[in-house]
Amino acid sequence: TGTLFAADNPQDMAASLDRLLTNRADWDAMRQCARQFVEDERSWHKNVHRYEPVYHLLLNQGRLSKAA
């Protein structure tokens, strides 16, 4: 779905960009995989279900600390 490179490593980032520019034939497949990932994993429905328990936990912790 993309390309990775080491954080704080400009040489690795440059090498990744070079690979991307060298392999332009792979762009359509990469773009298609990235879009499918976002559609499957980053929908509003999935995000709500993923984060709802976290919000409830935080809200409950806030209520407990106010009661104490």
Side-chain angles (χ1 to χ4, degrees):
T1 60
T3 185
L4 298 176
F5 53 88
D8 298 322
N9 187 331
Q11 293 83 11
D12 195 36
M13 183 173 135
S16 290
L17 288 171
D18 184 54
R19 283 190 301 275
L20 276 173
L21 293 172
T22 301
N23 299 310
R24 290 179 188 224
D26 297 339
W27 288 10
D28 284 338
M30 188 182 301
R31 189 172 21 253
Q32 197 171 24
C33 287
R35 180 171 181 107
Q36 192 64 53
F37 173 80
V38 170
E39 288 177 359
D40 293 344
E41 298 299 324
R42 298 294 185 246
S43 69
W44 280 109
H45 180 75
K46 283 200 174 192
N47 281 336
V48 166
H49 285 290
R50 188 176 291 128
Y51 291 110
E52 187 176 23
V54 175
Y55 287 119
H56 284 289
L57 177 69
L58 293 172
L59 286 170
N60 288 335
Q61 286 177 353
R63 288 185 193 123
L64 291 175
S65 66
K66 286 181 183 178

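Index from 1, following the sequence.
By the salt bridge (charged side-chain N to carboxylate O under 4.0 Å, His left out) test, Asp40 pairs with no residue at all, sequence neighbours left out. Looking at residues two or more places apart in sequence or on another chain, you find no side-chain hydrogen bond (donor to acceptor under 3.5 Å, both in side chains) involving Asn9. Qualifying salt bridge (charged side-chain N to carboxylate O under 4.0 Å, His left out) partners for Glu39, counting only residues two or more places apart in sequence or in other chains: Arg35. Applying the ring-ring contact (aromatic ring centres under 6.0 Å, His included) criterion to His49, with sequence neighbours excluded, gives His45.
Pairs of residues two or more places apart, or lying in two chains, never qualify as ring-ring contact (aromatic ring centres under 6.0 Å, His included) while including a residue from residues 1-44. Residue pairs that meet the salt bridge (Lys or Arg N to Asp or Glu O under 4.0 Å) test with at least one member in residues 41-51, sequence neighbours left out, are Glu41-Lys46, Glu41-Arg50. Screening residues 23-32 for salt bridge (Lys or Arg N to Asp or Glu O under 4.0 Å) gives Asp28-Arg31 as the qualifying pairs, with residues at least two apart or on separate chains.
Side-chain contacts under 4.5 Å among hydrophobic residues (ILVMFWY), followed directly or transitively, place Leu58 together with Val54. Other residues sharing a hydrophobic cluster with Tyr51 under the 4.5 Å side-chain heavy-atom criterion for ILVMFWY residues are Tyr55.
Within a 6.0 Å sphere centred on CG of Asp8, other residues, nucleotides and ligands contribute 12 heavy atoms or fewer.
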Only pairs under 3.5 Å count here: list side-chain donor-acceptor contacts from residues 10-17, not counting sequence neighbours, and write none if there are none.
from, atom 1, to, atom 2, distance (Å)
Asp12, OD2, Ala6, N, 2.5
Ser16, OG, Leu4, O, 3.0
Ser16, OG, Asp12, O, 3.2
Ser16, OG, Arg19, NH2, 3.0

